[in-house]
There are 2 protein chains.
Amino acid sequence: MKQTYCTNHLRSMADTLELLGGKWKLLIMSLLHSESPMRFSEIERAIGGITPRMLSKELKELEQNELVERRVYPTMPVSVDYRLTDYGRSLDTVLTALGDWGRNHRRRIMQPAVAR
Amino acid sequence: MKQTYCTNHLRSMADTLELLGGKWKLLIMSLLHSESPMRFSEIERAIGGITPRMLSKELKELEQNELVERRVYPTMPVSVDYRLTDYGRSLDTVLTALGDWGRNHRRRIMQPAVAR
DNA sequence: CCGGATCCGAAGCGATACTG
DNA sequence: CAGTATCGCTTCGGATCCGG
């Protein structure tokens, strides 16, 4: 059954990567995870380097997968914000783990290789 | 300091994604995490759908980032296997979290949306 | 068996300009 | 403010052939 376990494990992982893959999705999720809700332009500024086109596309996909909720307010001009859904918040463990590892890794690569 | 925290957080995340991004790297890591060492062709078969070219490329990059160790045995013909390094094993939390979430997500998407 | 080298198409991504 | 539309590049990734 080892083989079956591995196969399922890999399929799950592959599905997850399809959802969260790409250059920006995990960044956006991580951002909304630490600060929600955020408006479109806030996210744009916070990430820095992403174009409106990409941000729009990624947010739309995250919304379709029910990880992010989009709310429109009938102000003038219209204002929109984004926040994690309950399901999106279930990624908490993943996002925290990635963030922690990332900070640690960043410390590591900032040091000369000989120190390792 | 909230802004600074967020910026560092995002930078760390971005660095991590650069290391583990792409279509296959996390799959390979996850595979080696649950079963090590593995030979080249074993990984190839287990993943299914990856070409030798890509596998070779991904493994090389993972090796350069010291996440994976490659060992060559002077048999005839030569045999090679791959395993996680200590540093690679430090991704344990991340890989476990991703795997758990992935399995859960897979159960979710296998159900009709009305049940959610 | 374990890859390297080359070629090529697809797609991801960015720059810019524009709209309600 | 919150996006869209168009264009073009660059990278990713697959197919195929080759070599130790």
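Computed from a predicted model, the values in this text were never measured in an experiment. Proteins come first, then strands; the chains are lettered A, B, ... in the order of their sequence lines, and each starts at number 1.
- Taking atom CD of residue Glu61(B) and atom C1' of nucleotide dG3(C), one finds them 15 Å apart after rounding to whole Å.
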What do the steps show when you test Leu91(B) against His33(B) for side chain to side chain contact (heavy atoms under 4.5 Å, CB included), and what is the final call? CA-CA 9 Å; Leu91(B) 274 167; His33(B) 176 245; over 6 Å; no
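- Shown for residues 67-76 of chain A: residues whose heavy atoms fall under 4.0 angstrom of DNA chain D, namely Arg70(A).
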Could you tabulate the donor-acceptor pairs under 3.5 Å formed by side-chain atoms of residues 12-20 of chain A, not counting sequence neighbours?
unit_1	atom_1	unit_2	atom_2	d
Ser12(A)	OG	Asn8(A)	O	2.9
Asp15(A)	OD2	Arg106(B)	NH1	2.3
Thr16(A)	OG1	Ser12(A)	O	2.9

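- Under the 4.5 Å side-chain criterion, counting only non-hydrogen atoms from C-beta, Leu95(A) is in contact with Met29(A).
- In summary, Arg89(A) and Asp86(A) engage in a salt bridge, as defined by a charged side-chain N under 4.0 Å from a carboxylate O.
- Between Arg45(B) atom CZ and dG3(C) atom P there is a gap of 14 Å when expressed in whole angstrom units.
- Closest approach of Ser30(A) to Leu10(B), counting heavy atoms only: OG-CD2, 3.8 Å.
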Before you tell me yes or no, could you show the steps for Asp81(B) and Tyr73(B) under side-chain hydrogen bond (donor to acceptor under 3.5 Å, both in side chains), namely the whole-Å CA-CA distance, both residues' side-chain angles and the distance that decides it to 0.1 Å? CA-CA 8 Å; Asp81(B) 66 25; Tyr73(B) 304 93; 3.1 Å; yes
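- Looking only at side-chain heavy atoms (C-beta outward), Val68(B) and Tyr82(B) come within less than 4.5 Å of each other.
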Do nucleotides 7-20 of chain C as a string where each nucleotide becomes B, S or -: B if the base has a protein heavy atom under 4.0 Å, S if just the sugar-phosphate does, - if no protein is that close. ------BBB-----
In residues 43-60 of chain B, what donor-acceptor pairs under 3.5 Å come from side-chain atoms, sequence neighbours left out?
unit_1	atom_1	unit_2	atom_2	d
Thr51(B)	OG1	Met54(B)	N	3.4

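- Across all their heavy atoms, Thr85(A) and Gly88(A) have their closest contact at OG1-N, 2.9 Å.
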Kindly indicate, with the supporting measurements, whether the criterion side chain to side chain contact (heavy atoms under 4.5 Å, CB included) is fulfilled by Trp101(B) and Thr93(A). CA-CA 9 Å; Trp101(B) 195 87; Thr93(A) 311; over 6 Å; no
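- A heavy-atom distance below 4.5 Å is not found between the side chains of Asp100(B) and Asn104(B).
- Nucleotides of DNA chain D lying under 4.0 Å from heavy atoms of chain B occupy a range whose first and last members, 5' to 3', are dG13(D) to dA15(D).
- Five base pairs at each end of the helix from dC1(C)-dG20(D) to dG20(C)-dC1(D) define two local axes, and these are offset by 50° (rounded to 10°).
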Take Leu27(B) and Leu31(B) through the test side chain to side chain contact (heavy atoms under 4.5 Å, CB included) and record every step on the way to the result. CA-CA 6 Å; Leu27(B) 248 46; Leu31(B) 193 59; over 6 Å; no
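- Using a 4.5 Å heavy-atom cutoff, the side chains of Arg108(B) and Glu66(A) are in contact.
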